[in-house]
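This report concerns only the one structure given below.
Just so we're on the same page: letters track the sequence lines, and every chain starts at 1.
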Amino acid sequence: MKTELESLLAAALARLAEAGSLPPTDRSAIVVERTRDARHGDFASNVALRLAKGAGRAPRELAAEIIAALPASPLVARTEIAGAGFINFHLNANANLEELWRALEAGAKYGRSTELGAGRKVILEFVSANPTGPVHVGTGRQAAFGATLGNLLEATGYAVHREYYINDAGRQMDILTASAWLRYLETCGETLEFPSNGYRGEYVRVLGAALHTAHQEAFRRPAGEVFAGLPPDEPAGGDKDKYVDAIIERMRALLGAADYQRVLDFALAAMLADIRNDLADFGVVFDRWYSERSLATSGAIDHALDVLRGQGRLYEKDGATWFRATEFGDDEDRVVVRANGEKTYFASDIAYHLEKRERGFELLVDVLGADHHGYVARVRGGLVAMGQPADSLEAILIQFVSLWRGEVKIPMGKRDAQFVTLCQLREEVGTDACRFFYLMRSHDQPLDFDLELAKSRSNENPVYYIQYAHARVSSVMKQLVAKGFRYDEAVARANLGLLTDEHEQAALTALVRYPEVLRQAAANRTPHTVVHYLRDLANTFHTWYNAAQFIVDDPQLRNARLALALGVQQVVRNGLDVLGVSAPETM
RNA sequence: GCGGCCGUAGCUCAGUUGGAUAGAGCACCUGGCUUCGAACCAGGGGGUCGGGAGUUCGAAUCUCUCCGGCCGCGCCA
């Protein structure tokens, strides 16, 4: 409806431009908004105010001219000039009723549109957590956000591809491999001191035990050989990084490259399986899991470096190869090939993003933790240096999550064992509350996740408020049957005009706003606006429910009311579906 | 130091391309179940939108500045 009104205004302005009383207007200058106050009608536009200055005209006078030039529309009952020069639109009573019927007919598809995305190919990268441990609560927020954003983009006409980038190359993987191997040695019966910089989580013990089950004693070496002659660990006054690197080196020497790789692959596969399962249980799935290592073997990194070199963006210094990042807005130039010949993570990453473009994706959306913000300019600079448009990359930064149990903050650390995993969180509060709480706040706002509130099955918990509206309609429909009635669609269709009560009108207005909300949430990348909308819709429904009886004796009124209730239920279900939250029939 | 995010009711937060009288939940107070589910509803009190300046018909929103909080600035990933 909103876009239709914008089209009407565009037509009116075109007429005025043709008549020479106004310069031609850009379509984007035409904005129609829902009114905050019902006395101002259903929609309002400020075009006259915006254009008045440029046209050298009084806003109200211009507004009158625009109104006079508006084409007739079955949507609009009347228009008026208000305030400084707003144009208010009052819709025909049946405009919302027709929309309600469209909602009922469209069912699960209601709210979807195609104009915004227009079929554009977008690749959505999210989570991409290091496969060195289970998914934790901070990453959980990124998972919920990314999955929902994917749904939103899909619902508004984008062709969405979801991808998880696996950081399976580099030192963190080596540390995991060594950690798993040491736990494996313990399973074998060796006694050892675990390095302070190793991964100390319980899951690594499980990993070590699994390695033993799969390969028995094949990788066993005496603890004495493993630790002989190593530098001191941190507690002994040494450097924990040097120490763990020495262990990795020793492990390679004792096992040989092939067996080392077997242990690494075993650990990687096990971690990825965990992550994949945790996310799938959370309703988060990917079209592809993309290996960082594969970028090296496929030649993608060399290709990207060749492109940069061809553009003259690389140079040699101190034995390393550098990218002229400062020419693209970065603070300093960045190394892409280290003095020891290894490519950096940055080299992999720009290669990965170039490869995304070369796969034909117009828009690259990266959902990242807030700590990655310094990284965005660098990757974008790399893309631009390789001849890609700067706006082809869009990074969305997700602020951190802190867990609370009522007033008490739960400490979280990465490397120590006490971080809370997504899996544990889900077991404690349930998937629905989990996704809802992750999404209810703006992503650029740090999130305080209160476990007690999320768990509480009380009126303090906003999840149930929305689900309750859905369940209530189901309950009404059961009551209907129990009372010997049945819903008659034809009777409802013929009598929607009876829905004139203020509560019915409020519910109707809230319902038909849904397609606009989806478009706005998708365009702004703000899933939380859907949460707030659903709360509002549920509120209008609960108010109506308390004020009126649906199952009345008059079949015309009864069926009309049921149609509206079913429409609300449908939109609640569709909205919850976008959020990845279930819509239960009973609570 | 440079950069990113943020500061709105007692608390947690909405309010995005500048719009009409700044909203919601929680908490607090009052009222509503013999009725389709009270996990609900109705009503009430509560504000220097961090401070200041600017831009204009109009600023919580844009610009500058100051104060305060979180985070990032590797030949780590």
Side-chain angles (χ1 to χ4, degrees), chain A residues 28-29 31 33 35-37 39-40 44-46 49-50 52-53 58-59 82-86 88 128 130 132 167 169-173 175 241 292 317-322 330-332 334-340 342-346 348-349 369-378 397 399-400 402 440-448 450 453 456-469 471-480 482-483 520 523-524 526 528-529 531-532 535-536 538-539 541-552 558 561-562 565 586-587:
Chain A
S28 64
V31 176
E33 289 178 324
T35 57
R36 187 189 294 270
D37 190 329
R39 284 173 301 182
H40 298 137
S45 177
N46 61 358
L49 287 160
R50 290 172 72 116
K53 192 162 195 180
F86 291 99
N88 290 346
S128 299
N130 278 347
T132 52
N167 298 128
R171 181 161 172 268
Q172 300 307 320
M173 275 312 300
I175 296 177
D241 283 309
E292 178 187 353
K317 190 183 85 177
D318 301 335
T321 305
W322 299 69
D330 204 350
D331 299 335
E332 46 189 311
R334 304 291 170 177
V335 170
V336 286
V337 185
R338 290 195 276 264
N340 65 9
E342 281 181 44
K343 278 95 173 180
T344 61
Y345 175 82
F346 175 62
S348 305
D349 219 19
D371 52 337
H372 282 69
H373 79 84
Y375 196 68
V376 176
R378 229 181 300 174
L397 302 173
Q399 296 293 323
F400 290 137
S402 40
M440 64 195 267
R441 295 287 140 73
S442 165
H443 64 81
D444 53 19
Q445 194 79 239
L447 176 66
D448 286 329
D450 186 342
L453 179 59
S456 74
R457 315 197 132 260
S458 74
N459 62 346
E460 293 174 42
N461 193 331
V463 194
Y464 300 120
Y465 185 85
I466 295 165
Q467 290 183 321
Y468 187 39
R472 261 185 158 170
V473 178
S474 296
S475 181
V476 167
M477 297 313 283
K478 276 180 215 140
Q479 274 298 321
L480 184 75
K483 290 186 177 181
Q520 191 195 342
N524 296 335
T526 52
H528 74 278
T529 56
V531 173
H532 290 277
R535 220 232 149 249
D536 190 55
N539 180 30
F541 175 78
H542 287 311
T543 300
W544 176 39
Y545 180 92
N546 273 276
Q549 194 79 8
F550 298 176
I551 304 174
V552 292
R558 184 177 67 235
R561 284 180 173 167
L562 290 173
T586 59
M587 301 291 287

Counting heavy atoms from C-beta on, name the nucleotide in C13(B), C36(B), C41(B) closest to the side chain of Tyr465(A).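 Ranking C13(B), C36(B), C41(B) by closest atom to the Tyr465(A) side chain puts C41(B) first.
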As a test of reading the structure: which of A39(B), C40(B), G18(B) is closest to the side chain of Arg472(A), going by heavy atoms?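 For the Arg472(A) side chain, the nearest candidate turns out to be C40(B).
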If we take the [atom1] atom in both [N] and [M], what is their distance in whole Å?
N      : M      : atom1 : value
U56(B) : U12(B) : C1'   : 35 Å
G47(B) : A38(B) : P     : 35 Å
A60(B) : A9(B)  : P     : 15 Å
U34(B) : C13(B) : P     : 39 Å
C5(B)  : A14(B) : P     : 15 Å
A20(B) : U30(B) : P     : 35 Å
C62(B) : A77(B) : C1'   : 38 Å
U17(B) : A27(B) : P     : 33 Å

Just how far, in rounded Å, is [atom2] of [N] from [atom1] of [X]?
X         : N      : atom1 : atom2 : value
Asp450(A) : G25(B) : CG    : P     : 19 Å
Arg36(A)  : G19(B) : CZ    : P     : 9 Å
Phe541(A) : G37(B) : CZ    : P     : 11 Å
Asp536(A) : G25(B) : CG    : P     : 10 Å
His542(A) : A39(B) : NE2   : P     : 10 Å
Leu480(A) : U35(B) : CG    : P     : 19 Å
Met477(A) : G37(B) : CE    : P     : 13 Å
Leu453(A) : C11(B) : CG    : C1'   : 12 Å

Rounded to the nearest 0.5 Å, how far does [atom2] of [Y] lie from [atom1] of [X]?
X         : Y         : atom1 : atom2 : answer
Leu397(A) : Asp444(A) : CG    : CG    : 9.0 Å
His373(A) : Asp371(A) : NE2   : CG    : 8.5 Å
Glu33(A)  : Phe86(A)  : CD    : CZ    : 8.5 Å
Ile175(A) : Asp241(A) : CD1   : CG    : 7.0 Å
Tyr468(A) : His542(A) : OH    : NE2   : 7.0 Å
Leu480(A) : Ser475(A) : CG    : OG    : 11.0 Å

Go nucleotide by nucleotide along RNA chain B from the 5' end; which of Arg535(A) and Tyr545(A) gets its closest nucleotide reached first?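 Closest to the 5' end, via its nearest nucleotide, is Arg535(A).
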Given RNA chain B, 5'-ward residue of the pair Gly83(A) and Gln549(A), judged by closest heavy atom: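 Looking at RNA chain B, the more 5' nearest nucleotide goes with Gly83(A).
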Kindly state whether the pair Phe86(A) / A20(B) counts as stacked, where counting means centroids closer than 5.5 Å and planes tilted less than 30° apart.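 Phe86(A) vs A20(B): stacking yes.
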For [X], report the nucleic acid contact type (base, sugar-phosphate, nothing); a contact means any heavy atom under 4.0 Å.
X         : result
Thr543(A) : sugar-phosphate
Asn88(A)  : base
Thr586(A) : base
Thr526(A) : base
Ala377(A) : nothing
Lys478(A) : nothing

What one-letter contact string describes nucleotides 72-77 of chain B from 5' to 3', where B marks a base within less than 4.0 Å of any protein heavy atom, S marks contact via sugar-phosphate atoms alone, and - marks no contact? S-SBSB
Nucleotide opposite [N] in a Watson-Crick or G-U pair, distances under 3.5 Å:
N      : value
G46(B) : none
A24(B) : U12(B)
A77(B) : none
C33(B) : none
G58(B) : none
C5(B)  : G69(B)

Is the backbone of [Y] close enough, under 3.5 Å, to the side chain of [X] for a donor and an acceptor to pair up by distance?
X         : Y         : value
Asn461(A) : Val463(A) : yes
Thr344(A) : Val335(A) : yes
Asp330(A) : Arg378(A) : no

Cation-pi check, Arg472(A) onto Tyr545(A) ring (under 6.0 Å, within 45° of axis):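 Cation-pi check for Arg472(A) and Tyr545(A): passes.
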N or O in side chain of His40(A) less than 4.0 angstrom from G19(B) OP1/OP2: no
Respond yes when some side-chain nitrogen or oxygen of Asn546(A) is under 4.0 Å from OP1 or OP2 of U35(B), and no when none is.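 No, outside the criterion.
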For Gln172(A) and Thr132(A), which I'm curious about, is there any donor-acceptor pair between the side chains at under 3.5 Å? no
Between the protein and nucleotides 5-7 of chain B, list the N/O to N/O atom pairs that are separated by less than 3.5 angstrom.
unit_1	atom_1	unit_2	atom_2	d
C5(B)	O2'	Asp444(A)	O	2.6
C6(B)	OP1	Asp444(A)	OD2	3.2

Give the ring-plane orientation class for His532(A) versus His528(A), where under 30° counts as parallel, over 60° as perpendicular and anything between as tilted. perpendicular
Quick one: closest heavy-atom pair of Arg50(A) and Val31(A), and the distance?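 Arg50(A) and Val31(A) have their closest heavy atoms at NH1-CG2, 4.3 Å.
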At less than 3.5 Å, do the side-chain atoms of Asn46(A) and the base atoms of A20(B) form a donor-acceptor pair? no
